[in-house]
**Q** 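Starting off with a structure, shown below.
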Amino acid sequence: MHKIINNLVLIEKNLKEKLNNNNIPIIIAVSKTFPMSEILPLINHGHEHFGENKVQELVGKQEVLPTDIEWHFIGHLQSNKVKYIAPFVSMIHAVDSIKLLKEINKQAKKNDRTISCLLQFHIADEQSKFGLDLEEAQNILSSNEFVELQNISIVGVMGMATFTDDQEQVRDEFKTLENYFNVVKSHFFKYNHAFEHLSMGMSGDYKIAIEEGSTMIRVGSSIFGAR
């Protein structure tokens with residue numbers, strides 16, 4: 001078995017053991033910086049979900065790889081770049097402003113699509129990370145501007161924990177994000193079954209994330225190796 005496939009299988013096995021085969025999260029293989037030759041084995045194995053954080057790199061890969069891939073844009077997205085990925089992107093993870101939501105809606109409408117989005121919350125100590133606080137998110141979701149957006153679908157929340165060896169801090173930050181998910185769900189999406197994703201956890205902390213309810217993990221180096 002190819003090493004990359006073996007790495008993915010081991011992660012899947014680990015998840016199934018930890019969760020007793022219940023509610024296994026979606027694994028997004030973070031393929032940024034890796035060449036086609038490293039991605040194709042996973043595609044041939046049947047893996048569908050891939051994540052990129054640079055628009056130009058994502059567009060380049062999408063143009064040559066199979067069309068049934070579920071592409072996730074996981075990086076900070078500038079409004080003027082949305083038009084390049086709107087025709088095909090499956091989900092945009094890091095939405096942190098009404099300005100960005102309006103542009104995604106505009107470009108989705110041009111392509112006769114509805115694009116799934118996650119609201120990004122700032123849960124880490126590191127100020128370099130982007131994201132909303134709870135009040136900002138509530139203000140967006142309560143606004144008339146948001147109500148008018150018909151070509152986006154908010155399907156959940158995402159966040160990144162502090163890069164630290166303190167596992168309890170990471171766990172607390174994931175608990176905070178889960179709390180945000182529950183508040184937003186109960187106040188704005190109580191009867192909307194599409195709002196279901198709690199996207200948190202990367203190669204270094206996904207095991208903690210799934211214990212705290214993650215439905216979607218973004219894993220790069222644990223699958224592909226070091227960059």
**Q** Going by heavy atoms in the side chains, are R218 and H93 under 4.5 Å from each other?
**A** yes

**Q** Restricting to non-hydrogen atoms, name the atom on E48 and the atom on I69 that form the minimum distance, rounded to 0.1 Å.
**A**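 Closest heavy-atom pair between E48 and I69: O-CG2, 3.5 Å.
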
**Q** Between the main-chain N or O of S142 and the side-chain N or O of E145, is there a donor-acceptor pair closer than 3.5 Å?
**A**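 Answer holds: no.
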
**Q** With no hydrogens and no angle check, is any side-chain donor or acceptor of S143 less than 3.5 Å from a backbone partner on I140?
**A**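 Such a contact is found between S143 side chain and I140 backbone.
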
**Q** Would you sort out whether V184 and F195 count as a side chain to side chain contact (heavy atoms under 4.5 Å, CB included), showing the intermediate values?
**A** CA-CA 9 Å; V184 172; F195 189 90; 3.6 Å; yes

**Q** Following the transitive rule for hydrophobic clusters with a side-chain heavy-atom cut-off under 4.5 Å over Ile, Leu, Val, Met, Phe, Trp and Tyr, establish whether I152 and I85 coincide in one cluster.
**A** yes

**Q** Are the side chain of N44 and the backbone N or O of L40 linked by a donor-acceptor pair below 3.5 Å?
**A** yes

**Q** Looking only at heavy atoms, what is the nearest atom pair of I223 and N7, with distance?
**A**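 Nearest heavy atoms, I223 then N7: O-ND2, 2.8 Å.
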
**Q** Verify the ring-centre separation between F121 and F181: is it less than 6.0 angstrom?
**A** no

**Q** Kindly determine whether I217 and I26 satisfy side chain to side chain contact (heavy atoms under 4.5 Å, CB included), including the steps that lead there.
**A** CA-CA 6 Å; I217 59 175; I26 294 170; over 6 Å; no

**Q** If you round to the nearest 0.5 Å, how far is CD of Q78 from OH of Y84?
**A**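 Spacing of OH (Y84) from CD (Q78) equals 11.0 Å.
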
**Q** May I ask you to decide if M216's main-chain N or O and S214's side chain share a donor-acceptor pair within less than 3.5 Å?
**A**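 Between the backbone of M216 and the side chain of S214 there is a qualifying donor-acceptor contact (under 3.5 Å).
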
**Q** The test is side chain to side chain contact (heavy atoms under 4.5 Å, CB included); show your working for D172 and K175 and say whether it passes.
**A** CA-CA 5 Å; D172 285 344; K175 286 180 183 295; 4.3 Å; yes

**Q** Is it the case that the side chain of E136 and the backbone of D133 share a donor-acceptor pair, with hydrogens and angles ignored and the cut-off at 3.5 Å?
**A**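 Judged by distance alone, yes, a pair lies under 3.5 Å.
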
**Q** Whether the side chain of K185 engages the backbone of Y180 through a donor-acceptor N/O pair (distance < 3.5 Å, no angle test) should be reported.
**A** no

**Q** How about D165: does its CG atom have over 12 heavy atoms from other parts shown lying under 6.0 Å from it?
**A** no

**Q** Could you state whether V82 and V89 fall into the same hydrophobic cluster, counting links through intermediate Ile, Leu, Val, Met, Phe, Trp or Tyr residues with side-chain heavy atoms under 4.5 angstrom apart?
**A**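 In one cluster with V82: V89, yes.
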
**Q** Taking the side chain as everything from C-beta on, heavy atoms only, tell me whether I98 gets closer than 4.5 Å to L149.
**A**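 Of all side-chain heavy-atom pairs linking L149 with I98, at least one is under 4.5 Å.
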
**Q** Tell me, do L10 and N6 make a side-chain contact under 4.5 Å, heavy atoms counted?
**A**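 Of all side-chain heavy-atom pairs linking N6 with L10, at least one is under 4.5 Å.
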
**Q** Please check this pair: side chain of D96 against backbone of F130, looking for a donor-acceptor N/O pair closer than 3.5 Å.
**A**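 Not a single qualifying donor-acceptor pair exists.
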
**Q** What distance do I92 atom CD1 and M158 atom CE have between them, rounded to the nearest 0.5 Å?
**A**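 Nearest 0.5 Å value for the CD1-CE distance: 12.0 Å.
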
**Q** For atom CG of N23, decide whether the heavy atoms of other residues, nucleotides or ligands shown that lie under 6.0 angstrom number more than 12.
**A** no

**Q** Are I11 and I28 linked, directly or through intermediate hydrophobic residues, by side-chain heavy-atom contacts shorter than 4.5 Å (ILVMFWY only)?
**A**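 Unlinked, I28 and I11 end up in two clusters.
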
**Q** Taking side chain as C-beta onward, heavy atoms only, is I27 less than 4.5 Å from H49?
**A**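 Sidechains of H49 and I27: no contact.
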
**Q** If you round to the nearest 0.5 Å, how far is CD1 of I123 from OG1 of T162?
**A** 7.5 Å

**Q** Just so I know, are the side chains of I104 and C117 near enough to count as touching, which here means a heavy-atom distance under 4.5 Å?
**A**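 Yes; the side chains approach each other to less than 4.5 Å.
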
**Q** Restricting to non-hydrogen atoms, name the atom on E57 and the atom on F34 that form the minimum distance, rounded to 0.1 Å.
**A**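 That closest heavy-atom pairing would be OE2-N, 4.1 Å.
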
**Q** Do other residues, nucleotides or ligands put more than 12 heavy atoms under 6.0 Å from F146 CZ?
**A** yes

**Q** Establish whether L42 and L15 are linked, either directly or via other cluster members, by ILVMFWY side-chain heavy-atom contacts under 4.5 Å.
**A**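 Yes: a chain of side-chain contacts under 4.5 Å links L42 to L15.
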
**Q** Do you know the tightest heavy-atom contact between E173 and D125?
**A** OE2-N, 3.8 Å

**Q** Quick check: do L65 and M36 have side-chain heavy atoms less than 4.5 Å from each other?
**A**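 They are in side-chain contact.
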
**Q** Give a yes or no on whether the backbone of V155 and the side-chain of S153 come within a donor-acceptor separation of less than 3.5 Å.
**A** no

**Q** Are any non-hydrogen side-chain atoms of L118 and V157 less than 4.5 angstrom apart?
**A**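 The answer is no; the side chains never approach within 4.5 Å.
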
**Q** State, to 0.1 Å, how close V95 and L132 come at their nearest heavy-atom pair, and which atoms those are.
**A** O-CD1, 4.1 Å

**Q** Looking at D205 and I208, would you say the former's side chain and the latter's main chain have a donor-acceptor pair under 3.5 Å?
**A**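 Looks like no, no N/O pair under 3.5 Å.
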
**Q** With clusters defined by side-chain heavy atoms of hydrophobic residues (ILVMFWY) lying less than 4.5 Å apart, directly or transitively, does V183 cluster with L119?
**A**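 L119 clusters together with V183.
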
**Q** CD of Q107 to NZ of K81: how many Å apart, nearest 0.5 Å?
**A**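 The CD atom of Q107 sits 13.5 Å away from the NZ atom of K81.
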
**Q** Check step by step if side chain to side chain contact (heavy atoms under 4.5 Å, CB included) holds for M200 and E212.
**A** CA-CA 9 Å; M200 59 187 188; E212 299 304 327; 3.7 Å; yes

**Q** Going from CG on L101 to CG on L141, what distance comes out if it is rounded to the nearest 0.5 angstrom?
**A** 8.0 Å

**Q** Please check if any side-chain donor atom of E70 sits under 3.5 Å from a side-chain acceptor atom of S90, or the reverse.
**A** yes

**Q** Looking at S222 and V219, would you say the former's side chain and the latter's main chain have a donor-acceptor pair under 3.5 Å?
**A** no

**Q** Should the pair E211-R171 be classified as a salt bridge under the 4.0 Å nitrogen-to-oxygen rule?
**A**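 The answer is yes: the pair qualifies as a salt bridge.
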
**Q** So do L8 and H45 actually touch side chain to side chain, heavy atoms under 4.5 Å?
**A**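 Result yes, sub-4.5 Å side-chain heavy-atom pair found.
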
**Q** Please verify the inter-ring angle class for W71 with F50; under 30° counts as parallel, over 60° as perpendicular, anything in between as tilted.
**A** tilted

**Q** Between E52 and K32, does at least one N-O distance fall below 4.0 Å, as a salt bridge requires?
**A** no

**Q** Give the minimum heavy-atom separation between A86 and A108, together with the two atoms involved.
**A**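 Scanning both residues completely, I find the closest heavy atoms to be CB-N, 4.4 Å.
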
**Q** Give, for atom CD1 of I154 and atom NE2 of H197, the distance between the pair rounded to the nearest 0.5 Å.
**A**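 So the CD1 of I154 and the NE2 of H197 are separated by 12.5 Å.
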
